[in-house]
Structures are given as structure tokens and as C-alpha cells.
**Q** 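Let me begin by handing over the structure; questions about it come next.
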Number of protein chains: 2
Amino acid sequence: MNALPLLEPEVPEAVAPCCPPLTERPFTADEAETAARMFKALGDPVRLRLFTSVASHEGGEACVCDISDVGVSQPTVSHHLKKLKDAGLLTSERRGTWVYYRVEPSVLAAMGKLLTIAPVAA
Amino acid sequence: MNALPLLEPEVPEAVAPCCPPLTERPFTADEAETAARMFKALGDPVRLRLFTSVASHEGGEACVCDISDVGVSQPTVSHHLKKLKDAGLLTSERRGTWVYYRVEPSVLAAMGKLLTIAPVAA
DNA sequence: CGTCTATGTTGACATACGTCGAATCAGAGA
DNA sequence: TCTCTGATTCGACGTATGTCAACATAGACG
């Protein structure tokens, strides 16, 4: 059975239109909630290695099989990739036998904006 | 008793000379460990609000009393500030009655470098 | 000294998280 | 259809985390 299109993968775009640079002004509770979701997703060594592997892979995408050598079991890799996906940082697509992950394009821009160096407030 | 100068506050500089841009190449285990520490520290809404409050405050520093209105108890604020400090993101200094926190300068530069947009690898 | 205010520390608690092995699902191909 | 391989999901486990109330510490000021 598969007639329940209920559980959406949460927020597909969790970062994109989010927040001002970290140094511009205090974040509101909502902004903090949103941005923290991204930072949290990248706040694990394994996930960071997976993310950088995908982000730096030729073509901007990588097969799970190409990046799963990070010292943890394969289910754990899958678990982390799912978290990155739920956080809106990666997208995945199955092509035949393999599943490919790629970096959500808007994400890099949003991250760059977040960490824009502002002239250390007056 | 206070004759045990043992427990150092971990790594004062946890981010500064750390890693290449996220999109340049897969992080090594060590790089991931280091960078993840920073992301993790910012991966909590309360800490993110505290951090942005300090970072955007005039003079680049803020008294605890100025930023502790984030919806949690005072001990919790103190706890989070300590975490940001342990992660190397903030420094603190007591001046008379109040304690002032400021953003570790090298941190913003390191973060900026981390999120430099690289031309999505070939 | 004593006391008041501002912060930090401790102990306890519920929840979240990272991890694995086992089971399951998805295509490819015989 | 059966089976093989790649990937995800499930169930369980120990540990880390966020939170608070209670207590402790640090200066300031009488």
C-alpha cells in the first residue's frame, strides 16, 4: 500500500530566503530557528564530509557509492544523507541502480550571504 | 580549594586556521571535526540569537545583561554562552559588575572563507 | 563584614542524536 | 520469477544536549 502522500520531507527550502548576515543585527526567534537548522545539519563531522564530497564532486553531484567511505556503516551514511536532505541542503535522485545527491543551488548563495562580513557594527 | 589549574577550556581557537571552502574538496576527518565544532555551536536557535546579538552589538561586544532576553532562564543563557566560548566563537571579560562577550575576530574571517562560493567544481 | 545584584556551576531530567545490525525496498539482469 | 547488489528503513542502544531550580561565586557598596 502506498496511498498516503502525507509525510512531506519537511521544508524543502530551509535556508534559501532566510536571514541577514550574522553580524548585521540580532536574529529574531524565527530567523534563528531557520538558520540553526542549517548549521545543525552541518554540525556533524560525518555529514560535513558527505556534504563537502557532494559539493566538490565533478558535475556537482555524487553517487552514494562514491562518497560513503567515511568510516561509518552504510545505514548510517544513508541516515546522515537523509538529514542533509531534510535540512534542505541536498537533493537526491535515483537513476537506475544508483542514487545521486547534489547540493541545492540556492543553499550556497544563502550560506554566503549569512556569513557576509559586515563591518563589525559601529 | 582551588589548586587545580587542570581543565583548560578546550581549544581557544577552534576555527581560525581550519579548512578550505566547503565546495573545494572533500574534507578530511580532521577538517570535518574542526569545522563541525563551529557549525554545531551555531546549530542552536538560542545560541544563534546570542551570537548575532553580540556580533551586531555596538563596539562588537555586549554585556550578558543586554542580550539575555531570549526566552530561556538565566542559567541556560550562561550555559550557551559557555558553549560558544568553548567553541572558540566568543571571548569574555569581566569588567566590574558585568561580564562582556565579544566575537573572536578571526572567527568571522574563517567562516567567510569556509563559505566562499567556489565555482561548483568542474 | 554583610548584603545585594550579576553570572556561573551543579545536579537532575526528558529528549534528541549517532550508531549499528537486521530487515526491507528498488532496479538490473539471468 | 529469482537473485544479486545498492540504498533506505526499522528497532534498539548508549551518549550527548537543552533545560531548569538550587546553589555557589564575584564585585560593589554600605
Side-chain angles (χ1 to χ4, degrees), chain A residues 1-4 6-10 29 32-33 36-51 53-54 61-87 90-102, chain B residues 1-4 6-10 29 32-33 36-51 53-54 61-87 90-102:
Chain A
M1 62 80 163
N2 63 347
L4 308 178
L6 296 177
L7 302 175
E8 289 301 320
E10 290 165 33
E33 202 78 44
R37 211 175 304 151
M38 181 203 74
F39 284 122
K40 193 172 188 178
L42 295 177
D44 177 272
V46 173
R47 281 198 293 273
L48 208 41
R49 293 182 71 185
L50 292 172
F51 183 84
S53 289
V54 173
E61 71 175 12
C63 167
V64 175
C65 57
D66 287 331
I67 60 175
S68 44
D69 190 24
V70 288
V72 295
S73 71
Q74 202 276 331
T76 301
V77 168
S78 193
H79 167 74
H80 284 305
L81 286 173
K82 178 174 167 49
K83 284 216 152 187
L84 288 167
K85 210 170 124 185
D86 287 349
L90 295 180
T91 59
S92 71
E93 181 193 357
R94 170 163 227 132
R95 285 208 293 279
T97 304
W98 295 283
V99 176
Y100 293 83
Y101 281 79
R102 62 168 53 239
Chain B
M1 60 77 164
N2 62 346
L4 307 178
L6 297 177
L7 303 173
E8 290 301 320
E10 290 167 33
E33 202 78 44
R37 212 175 303 151
M38 181 203 75
F39 284 121
K40 194 172 187 178
L42 295 177
D44 177 274
V46 172
R47 282 199 292 274
L48 208 40
R49 293 183 71 184
L50 291 171
F51 183 83
S53 290
V54 172
E61 72 174 12
C63 168
V64 175
C65 57
D66 287 331
I67 60 176
S68 43
D69 190 23
V70 287
V72 295
S73 70
Q74 186 275 324
T76 301
V77 168
S78 192
H79 167 74
H80 284 304
L81 286 172
K82 178 174 167 50
K83 283 215 151 187
L84 288 168
K85 210 170 126 186
D86 288 349
L90 295 180
T91 59
S92 70
E93 182 193 356
R94 168 162 229 133
R95 286 208 294 278
T97 304
W98 294 282
V99 176
Y100 294 83
Y101 282 78
R102 63 167 53 239

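Every chain is numbered from 1 and lettered A, B, ... according to where its sequence line falls, protein lines coming before strand lines.
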**Q** Please tell me if the side chains of A:Leu90 and A:Phe51 come closer than 4.5 Å, counting only heavy atoms from C-beta onward.
**A**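 SC-SC contact between A:Leu90 and A:Phe51 confirmed.
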**Q** For A:Arg47, give me all partners under side chain to side chain donor-acceptor pair (under 3.5 Å), at least two apart in sequence or on another chain.
**A** A:His80
**Q** Output the distance between atom NE2 (B:His79) and atom CG (B:Leu84), rounded to the nearest 0.5 Å.
**A**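 Between atom NE2 of B:His79 and atom CG of B:Leu84 there are 10.0 Å.
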**Q** With sugar-phosphate meaning primed atoms plus P, OP1 and OP2, does A:Arg47 contact a base, only sugar-phosphate, or nothing at under 4.0 Å between heavy atoms?
**A**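 Counting heavy atoms under 4.0 Å across all strands, the contact made by A:Arg47 is with sugar-phosphate only.
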**Q** Applying side chain to side chain donor-acceptor pair (under 3.5 Å), can you list everything that pairs with B:Thr76, at least two apart in sequence or on another chain?
**A**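 Here the qualifying residues are B:Ser73.
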**Q** When you check the gap from the basic side-chain N to the acidic O, do B:Glu61 and B:Arg95 get nearer than 4.0 Å?
**A** yes
**Q** First and last nucleotide of DNA chain D in contact with chain B, 5' to 3', at under 4.0 Å to a heavy atom: what are they?
**A**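 For DNA chain D, the relevant span reads D:dT17 to D:dA28.
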**Q** Which residues within residues 61-72 of chain B lie with some heavy atom under 4.0 Å of an atom in DNA chain D?
**A** B:Val72
**Q** What distance do B:Tyr101 atom OH and B:Asp66 atom CG have between them, rounded to the nearest 0.5 Å?
**A**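 Reported to 0.5 Å precision, the distance equals 13.5 Å.
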**Q** Counting any heavy atom closer than 4.0 Å, what does B:Thr97 reach on the DNA or RNA strands: base, sugar-phosphate only, or nothing?
**A**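 Here B:Thr97 touches the backbone only, sparing every base.
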**Q** Can you tell me how far CG of B:Asp86 sits from CZ of B:Arg37, rounded to the nearest 0.5 angstrom?
**A** 10.5 Å
**Q** Between B:Lys40 and A:Pro75, who's closer to the 5' end of DNA chain D by nearest nucleotide?
**A** A:Pro75
**Q** Let me see the working for B:Ser92 and B:Lys85 under side-chain hydrogen bond (donor to acceptor under 3.5 Å, both in side chains), right down to the final yes or no.
**A** CA-CA 8 Å; B:Ser92 70; B:Lys85 210 170 126 186; 2.9 Å; yes
**Q** What is the distance from atom CD of A:Glu93 to atom CH2 of A:Trp98, rounded to the nearest 0.5 Å?
**A**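 Here the interatomic distance stands at 14.5 Å.
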**Q** Side chains of B:Val77 and B:Val46, heavy atoms from C-beta outward: is any pair under 4.5 Å?
**A**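 Result no, sub-4.5 Å side-chain heavy-atom pair not found.
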**Q** For the helix from C:dC1-D:dG30 to C:dA30-D:dT1, measure the angle between the helix axis at one end and the axis at the other, each built from five pairs, rounding to 10°.
**A**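 Rounded value for the end-axis angle: 10°.
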**Q** Reckon A:Tyr100 touches a base, only the sugar-phosphate, or nothing at all at heavy-atom distances under 4.0 Å?
**A** nothing
**Q** Toward the 5' end of DNA chain C, which comes first, A:Gly96 or A:His80, by nearest nucleotide?
**A** A:His80
**Q** What are the two closest heavy atoms between B:Ala41 and B:Ala87, and how far apart are they?
**A**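 What the structure gives for the nearest pair is CB-CB, 3.6 Å.
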**Q** Using the heavy-atom set of chain B and a strict 4.0 Å cut-off, write down the first and last nucleotide of DNA chain C that makes it in, 5' to 3'.
**A** C:dA6 to C:dT9
**Q** When you compare the side chain of B:Ser78 with that of B:Gln74, does any pair of heavy atoms fall below 4.5 Å?
**A** yes
**Q** Any non-hydrogen side-chain atom of A:Phe39 less than 4.5 Å from a side-chain atom of B:Leu48?
**A**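 Touching, per the 4.5 Å side-chain cut-off.
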